Amino acid sequence: MNELIKTSLLIAGGGFIGTLLRFLATECLNKYSAAAFPIGTVVVNLIGCLLIGILAGFFSDRLTSNLFLFLTIGCLGGFTTFSAFAIESQVFIQNGEFLKLTVYISIQVLIGILLAALGYNWMRS
């Protein structure tokens, strides 16, 4: 089998798993959260940031391995969601909820980068 096709199928399988996990996680988190805030998206994106940092640190000398590609591009690519982040931000703008918007963006961007760095450095130490 062509290497590109093999890698593509591997990543697609990971994407299926990650997407399903994201759907289940966000549904559970949003269903049981009393907050009028998209907590599910925040949680999956922050978990994804930590996990990709851990995986990048662990696989730092083999970032093109099939397992790394399956877990990061596939599973975590399906698990995390920039599109939901973008549309939920737009809803805050549309509703004039600029404080919520600022908190929402700040949590995901700043804490997300921090978690990725912590995960990476934890695996490299």
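Just so it is clear, the model here is predicted, and its values are computed rather than measured.
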Side chains of Cys75 and Phe16: does their closest heavy-atom pair fall under 4.5 Å? no
Evaluate the side-chain proximity of Asn95 to Lys100: yes if any heavy-atom separation is below 4.5 Å, no if none is. no
To the nearest 0.5 Å, tell me how far Phe79 CZ sits from Leu20 CG. 11.0 Å
Pairwise distance OH(Tyr120) to CD1(Ile54) - rounded to 0.5 angstrom: 13.5 Å
Is any side-chain heavy atom of Ile107 closer than 4.5 Å to a side-chain heavy atom of Leu46? yes
For Leu76, which of Leu21, Val44, Leu71, Leu55 qualifies under side chain to side chain contact (heavy atoms under 4.5 Å, CB included)? Leu55
Do the non-hydrogen side-chain atoms of Leu110 and Leu114 ever get within less than 4.5 Å of each other? no
Under the 3.5 angstrom rule, does the side chain of Ser65 hit a backbone N or O of Arg62 as a donor-acceptor pair? yes
Spacing of Ile39 atom CD1 and Cys28 atom SG [to the nearest 0.5 Å]: 14.0 Å
Side chains of Arg22 and Thr80: donor-acceptor distance under 3.5 Å anywhere? no
Does some side-chain heavy atom of Val109 sit less than 4.5 Å from a side-chain heavy atom of Phe85? yes
Minimum heavy-atom separation for Gly112 to Cys49, with atom names? O-CB, 3.2 Å
Tell me whether Leu101 shares a hydrophobic cluster with Ile87, the cluster being built from Ile, Leu, Val, Met, Phe, Trp, Tyr side chains joined at under 4.5 Å. no
Single-linkage hydrophobic cluster Val103~Phe98, side-chain heavy atoms < 4.5 angstrom: yes
With the side chain counted from C-beta on, respond yes when Gln108 and Ile113 share a heavy-atom pair under 4.5 Å apart, and no when they do not. no
Expected output: side-chain Asn66 to main-chain Thr7 donor-acceptor under 3.5 Å: no
In Å and rounded to the nearest 0.5 Å, what is the CD1 to CG distance from Ile5 to Leu10? 13.5 Å
Ring geometry between Tyr104 and Phe37 (parallel below 30°, tilted from 30 to 60°, perpendicular above 60°): perpendicular
After noting the C-alpha distance and the side-chain angles of Thr102 and Glu97, does the key distance pass the side chain to side chain contact (heavy atoms under 4.5 Å, CB included) rule? CA-CA 9 Å; Thr102 303; Glu97 298 175 301; over 6 Å; no
Hydrophobic clusters here meaning ILVMFWY residues chained together by side-chain heavy-atom distances under 4.5 Å, can you tell me if Phe82 and Ile111 are in one? yes
Report whether Ile17 and Leu24 are members of the same hydrophobic cluster (ILVMFWY, side-chain heavy atoms less than 4.5 Å apart, transitive linking). no
Does Thr26 use its side chain to pair, donor to acceptor, with the backbone of Phe23 at less than 3.5 Å? yes
Taking atom CD1 of Ile52 and atom CD1 of Ile47, what is their separation to the nearest 0.5 Å? 14.0 Å
Do Ile105 and Ile93 share a hydrophobic cluster, counting only Ile, Leu, Val, Met, Phe, Trp and Tyr and linking them when any side-chain heavy atoms are less than 4.5 Å apart? yes
Residue pair Phe59 / Leu67, side-chain heavy-atom distance below 4.5 Å: yes
Minimal heavy-atom distance between Gly57 and Met123, with the atoms involved, is C-CB, 3.7 Å
